[in-house]
Amino acid sequence: DSYVHAKENNHGKLEVPYTHAMSKFTIVVVADEGFEADDLNNATVTLKDMNKVGTFTAPTSTVEATGTTDVQMYANATDTEKSSRAYEAVAVPMLEMTKDQLLATINDVDGNNYEVYLTDAILTAWTDGIKDSKSQSGINYKLTITLKKQTITVVATLADWTDVSATGTGEINFTADVKSIDKDNAGLTDGDAFTLWKMSALTKEAFAEAK
């Protein structure tokens, strides 16, 4: 209803929390027996049949997903020390996740291609991140895939997805420079703009003059 704009040298701390609306997939590919670390340099990982469009309703925290698309995952640099490479992608949640579903393909690991299917073991490891057989917002679904020339081993976990918050200190400096703003205040009209600014230092004399 109203906002009090105090012109004092006592600026509070603004904290803006963020909640992840999307879900995330992280696939770590390990080049094991028969491979060298640089065999991963040209490798690509693609998520199959991901949800294409998400409609998010914030007040009710609901998501409606439509359409499907393949998503090539972002490839981090190869970790030559561990002979591994991490691939990441943010995806629209509410993905139907069922046993024997093709989740991802891994291509061009020293000329070899692989397919990764959802198994009971993977789905069990991801249980806390699955509701009604669907992926959920704010969950990071992680697979560690160890490749050998003759075999492939997949270990599934739910990984941390670091929450982000923005912090700023400053005063809202309205063009009309009014102290109190409410619906009846004529100092601002619909469409007026304002800026946020941060004051790093202000002398006693300058502060007195500003007041």
Side-chain angles (χ1 to χ4, degrees), residues 18-54 56 63-164:
Y18 291 88
T19 300
H20 293 292
M22 304 287 276
S23 58
K24 181 178 179 181
F25 288 87
T26 300
I27 294 181
V28 178
V29 181
V30 180
D32 205 356
E33 186 179 304
F35 290 105
E36 302 293 335
D38 60 7
D39 288 336
L40 296 173
N41 290 350
N42 296 322
T44 59
V45 179
T46 302
L47 295 172
K48 307 299 289 185
D49 295 326
M50 294 290 106
N51 290 330
K52 186 174 184 179
V53 178
F56 300 85
V63 183
E64 180 181 348
T66 56
T68 58
T69 186
D70 292 348
V71 176
Q72 183 168 324
M73 305 184 77
Y74 172 78
N76 290 280
T78 302
D79 185 338
T80 54
E81 187 175 331
K82 296 181 179 179
S83 297
S84 66
R85 194 176 191 187
Y87 297 80
E88 298 174 298
V90 174
V92 176
M94 304 305 289
L95 174 70
E96 191 75 34
M97 303 173 82
T98 58
K99 182 183 176 183
D100 297 329
Q101 174 183 337
L102 177 61
L103 178 70
T105 58
I106 305 172
N107 291 327
D108 200 11
V109 183
D110 192 29
N112 294 277
N113 300 328
Y114 301 86
E115 293 181 332
V116 181
Y117 291 87
L118 291 177
T119 64
D120 283 333
I122 293 174
L123 295 173
T124 298
W126 285 351
T127 295
D128 291 342
I130 298 174
K131 183 178 180 181
D132 297 328
S133 300
K134 295 181 179 180
S135 62
Q136 301 297 304
S137 298
I139 303 296
N140 184 2
Y141 302 88
K142 183 178 180 181
L143 293 176
T144 299
I145 299 176
T146 303
L147 302 178
K148 300 181 181 180
K149 285 291 186 179
Q150 304 298 326
T151 61
I152 175 173
T153 303
V154 181
V155 176
T157 55
L158 291 179
D160 291 334
W161 190 355
T162 305
D163 289 327
V164 177

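One-based numbering along the sequence shown.
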With rounding to the nearest 0.5 angstrom, report the OH to CD1 distance, Y87 to I106. 8.0 Å

Ignoring hydrogens, what is the shortest heavy-atom contact between S23 and S135? Give both atom names and the distance. OG-OG, 4.2 Å

If you compare all heavy atoms of N76 against all heavy atoms of R85, which two are closest, and at what distance to 0.1 Å? O-NE, 2.7 Å

Under 3.5 Å, is there a donor on one side chain and an acceptor on the other for D70 and T46? no

Between S133 and E96, is any pair of side-chain heavy atoms under 4.5 Å apart? yes

Just wondering, do V92 and M22 contact through their side chains at under 4.5 Å, heavy atoms? yes

Check: V155 and T146 side chains under 4.5 Å, non-hydrogen atoms: no

Straight-line distance of D32 CG to S83 OG, nearest 0.5 Å: 8.0 Å

Check the pair F35 / N112 against side chain to side chain contact (heavy atoms under 4.5 Å, CB included), numbers first and verdict last. CA-CA 11 Å; F35 290 105; N112 294 277; 3.8 Å; yes

Got a second to check how far D120's CG is from K99's NZ, nearest 0.5 Å? 4.0 Å

Side-chain donor-acceptor pair under 3.5 Å between T78 and N41, yes or no? yes

So which of D108, N107, V109, D110 actually passes side-chain contact (heavy atoms from CB on, under 4.5 Å) with N42? D108

Is it the case that the side chain of D79 and the backbone of S84 share a donor-acceptor pair, with hydrogens and angles ignored and the cut-off at 3.5 Å? no

pair K82-V30: side-chain heavy atoms closer than 4.5 Å: no

Return the minimal non-hydrogen interatomic distance between L47 and A89, and the atom names on each side. CD1-CB, 3.8 Å

Is K142 atom NZ crowded by more than 12 heavy atoms from other residues, nucleotides or ligands, each under 6.0 Å away? no

Would you compute the distance between atom CD of Q101 and atom CG of L95 and round it to the nearest 0.5 angstrom? 5.5 Å

Rounded at 0.5 Å granularity, tell me how far OG1 in T151 sits from CD in E33. 7.0 Å

Is there side-chain contact between E64 and M94, with heavy atoms separated by less than 4.5 Å? no

OG1-CG distance between T98 and L118, expressed to the nearest 0.5 angstrom: 7.0 Å

I139 versus L158: any side-chain heavy-atom pair under 4.5 Å? yes

Side-chain contact test, heavy atoms from C-beta onward, threshold under 4.5 Å: evaluate it for I27 versus V29 and give yes or no. yes

Between M73 and F25, the two heavy atoms sitting closest are CE-O, 3.3 Å

Residue pair L103 / W126: nearest heavy atoms and the distance that separates them: CD2-CH2, 4.0 Å

Testing T153, V45, V154 one by one against I145 for a side-chain contact (heavy atoms from CB on, under 4.5 Å), which residue passes? V154

Does the side chain of Q136 reach to within under 4.5 Å of the side chain of Y141, using non-hydrogen atoms? yes

